[in-house]
Amino acid sequence: MPDSNIEGGAYNYAYLDEQTKRMIRRAILKAVAVPGYQVPFGGREMPLPYGWGTGGIQVTAAIIGRDDILKVIDQGADDTTNAVSIRRFFAKVADVATTTSTEEATIIQTRHRVPETPLREGQIIVFQVPIPEPLRMLEPRETETRTLHALSEYGVMQVSLYESIARFGRIAKTYNYPVMVNDRYIMSPSPIPKFDNPKLDRSPALQLYGAGREKRIYAVPPYTPVKSLDFDDHPFEVESWTECCALCGSRESFLDEMIVDDAGKRMFICSDTDWCERRR
Amino acid sequence: MYVAVKGGETAIAHSLDLIADKRRGDRAVAELSLEQIDQQLGLAVDRVMTEGSCYDRALAALAIKQARGDLVEAIFLLRAYRTTLPRFGDSVPLDTTSMIVERRISGTFKDIPGGQVLGPTYDYTHRLLDFSLAASGERPQAPTAPGGSAQSLPRVGDILERDGLLEPPPQGSSEGEKAEDLTRQPLTLPASRPLRLQNLARGDEGFLLALGYSTQRGYGNNHPFVGEIRFGGVPVSFVPEELGFAIEIADIDVTECDMVNQFAGSHDVPPQFTRGYGLAFGHAERKAMAMALVDRALRAEELSESASSPAQDEEFVLAHSDNVEASGFVQHLKLPHYVDFQSELVTVRALREEVEQRNRRAALDQAAE
Amino acid sequence: MSGALLSAPILSSRGLTKRFGGRIACRDIDFDLWPGEVLGVVGESGSGKTTLLNCLAGRMTPEAGTITYDSAAYGPVDVHGLSEARRRLLSRTEWGFVNQDARDGLRMGVSAGANIGERLMAVGARHYGDIRRTAADWLDRVEIEQDRLDDRPTTYSGGMRQRLQIARNLVSKPRLVFMDEPTGGLDVSVQARILDLLRGLVGTLNLSAVLVTHDLGVARLLTHRLMVMQGGRVVEDGLTDQVLDDPQHAYTQMLVASILPV
């Protein structure tokens, strides 16, 4: 594979060496074969810090090719600093076309949101994941959570939802809302707002999840059932706003709140910048 | 009329210019050279190499210069570079017994074969700021006694082991078996000894120091003695496939610490002292000692001791020892989290509304009575 | 209940032996426990009774011997021959384990309702209202005020925690309950009430149980049969009243004689 030169040094295509890419792809294949199961992988140090998307970057680096069109978003926007930084990185090391259009993209790397525009078959969405283990806050020990997943012992998760209702009258989890994938594994969908959870269910696109610091990859193949956990008499609900987007008028999208003056006046604007622009 | 702010790219570019400027500092002041950093800040270079898992003084010096002296940042830079280096294979295990020793001491015996070689150390200095260093151009006096590089000093540990007083070194990988590599595969728990030692070797010195310290203060005490600390040069050998025999490819300085700890044994099983092991690049005694204390603490279960303190908790220690991981995740909180926060805002507002509604209804009911 | 003919013991032990390094904790333990029976295991500290209980409940692995449990789900099974998955499932459905310190058998950080509801949720209960109602019902049965349903066990007294632990175990209608000094460490008056409660529940639910205690009064009140252990061995066994009123072995005689008359 031809090398791309970065600032004088010579790096392999898409930064990672071929051995590493092969290792990551094997992990991805395993993950796709067992939807929702966290596959350990030998994560590498990347030029961005842990916690800033190294897992997503490694997954993208392992699958990207010159024909791909890459979109990178953070909090739904293409122009936030983290998205800009990662997009620049791949433009440089992978010599690849980039876009802000969800429709045009073949690979979408995202932090904390799923685009409003429905994804299609053939697209891959790569999620940046900080804590891949959905049971982590209930059980700090990795040795124990591994066993719980293996034995499908998910009572502790349901207990935490019960407790939330007992305390708040509702399930108060708002982002990183746990889901059951393919009726077998409980998965963390990454810190997307629960608003986005329904988009994961039977999506035509391939979902890949990368956690660099924790060194786990997991996946949801296209058209796989993804169900948000709930109770029969407290069914899963998404957020809603009374306002609509101040720029495009949308009532269907996730809205960001902007404080526009010292008096605390607020405005609501689509979090998904591409979606919002297309409507205007 | 609110206009969505664009220009993240420009802001980032400007930020990069600012940091490059800060890094250079006052242009009237002479620029640091890598040689100056290597020679006169050598212990910083040693630390960056150790925790960066890469022995290259020039690269480590460069990383320190680029990071403006922030060693954790420098370690990150070196590690990121290391990721890109091609791998030829594994070296022959280092033979530290044949080290050309610059310093070698033992706390277990007053005198040992080969003697207590004090070498270069801050241990016997008085910690008084030396203002003569503030002015440059001073030439330090040449050493009065010969530097004394001793060769092949026998290990205190081997002597104790020969008499059956000290357990043999715990099993690592067997002869001929390919060593596991923590930088290529994820850590699995329970951890094998090689992975555990690798994790500790590249672990944050401050973290390990605190944990080692805690064992001495009673959080999992294992009665440590310094069996031996040695610092000096060892050759690195490699067996290329084409040749089929070992060739020396480098000479590196390492610091090695053998701790002699609490004896295990019982009425029927003759007691023996147990071991803790630490190793670091360059001259890094504090690190090697802390590592040896924590290594021993983490062997609690293996040695059938009750493990109740943080230093003995393998999951706790090994998951949090990496300062590059820790720094990344702690500092990632600076990234935008406004979407997650928005979700929380929506819910908190709804819950508050519900409580207020209930209170209003309760007040109305009361008023009606 | 397994049919009209209750011909099989619900739990059997043959040659059970457990060692810790060089020390033998219990040796060659043989017994059969029949459905509806409460078997007491008494002895002083160090007699091996708690180790025995832990081996029976699958919490420790013996060096020798076989423990057979007549399960509702799979028929008779070798407890230590089962996969870990099955054993864990059994321990949450067909078995109960009441620890001496309730904190070991409860989730202290979640409400009483969640504690009781957990076993139900673990096997698929998904209706919050129903789970809550069942939990409240059980609080009632163990004589805790229902308005404590949302309180955490950290706010409960020792006696209340023990009752909660009992409820948490019994909600899944287990067939076999292991109890390790269930009233140890509680005030005498509190003990008495909990013993009464246990006796009532064991009767109503037709539970089988293995109860470890050093307190012969507890044994007298709750158990049908008794095994006396000393130095890891069973030195005497028989109907509780017989053993306590007419002890044959010197050790049993000493135990019985040393009960302080009240």
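These numbers come from the heavy atoms of this one structure, side chains and all, not from hydrogens, waters or symmetry mates.
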Exercise. Are more than 12 heavy atoms from other residues, nucleotides or ligands located less than 6.0 Å from atom NZ of A:Lys30?
Worked result: no
Problem set entry | Contact residues of residues 132-144 of chain C (partner chain A; heavy-atom separation under 4.5 angstrom) | C:Arg132
Problem set entry | Atom CZ of C:Arg103: over 12 foreign heavy atoms under 6.0 Å | no
Exercise. Got a second to check how far C:His127's NE2 is from A:Asp232's CG, nearest 0.5 Å?
Worked result: 6.0 Å
For this session: Determine whether more than 12 heavy atoms belonging to other residues, nucleotides or ligands lie under 6.0 Å from atom CZ of C:Arg193.
Result: no
For this session: With chain C as the partner chain, list the residues of residues 191-229 of chain A whose heavy atoms fall under 4.5 Å from it, by residue number, and write 'none' if nothing qualifies.
Result: none
Would you list the atom pairs, donor with acceptor, under 3.5 Å between side chains in residues 56-63 of chain C and any protein atom, with sequence neighbours excluded?
residue, atom, partner, partner atom, Å
C:Arg59, NH1, C:Asn99, OD1, 3.3
C:Glu63, OE1, C:Arg19, N, 2.6

Exercise. Where on C:Arg152 is there a heavy atom nearer than 4.5 Å to chain A: the side chain, the backbone, both, or neither?
Worked result: side chain
Exercise. Mind checking which of residues 132-170 of chain A sit less than 4.5 Å from chain C, heavy atom to heavy atom?
Worked result: A:Glu144, A:Thr147, A:Leu148, A:Leu151, A:Glu153, A:Gly155, A:Val156, A:Gln158, A:Val159, A:Tyr162, A:Glu163, A:Ile165, A:Ala166
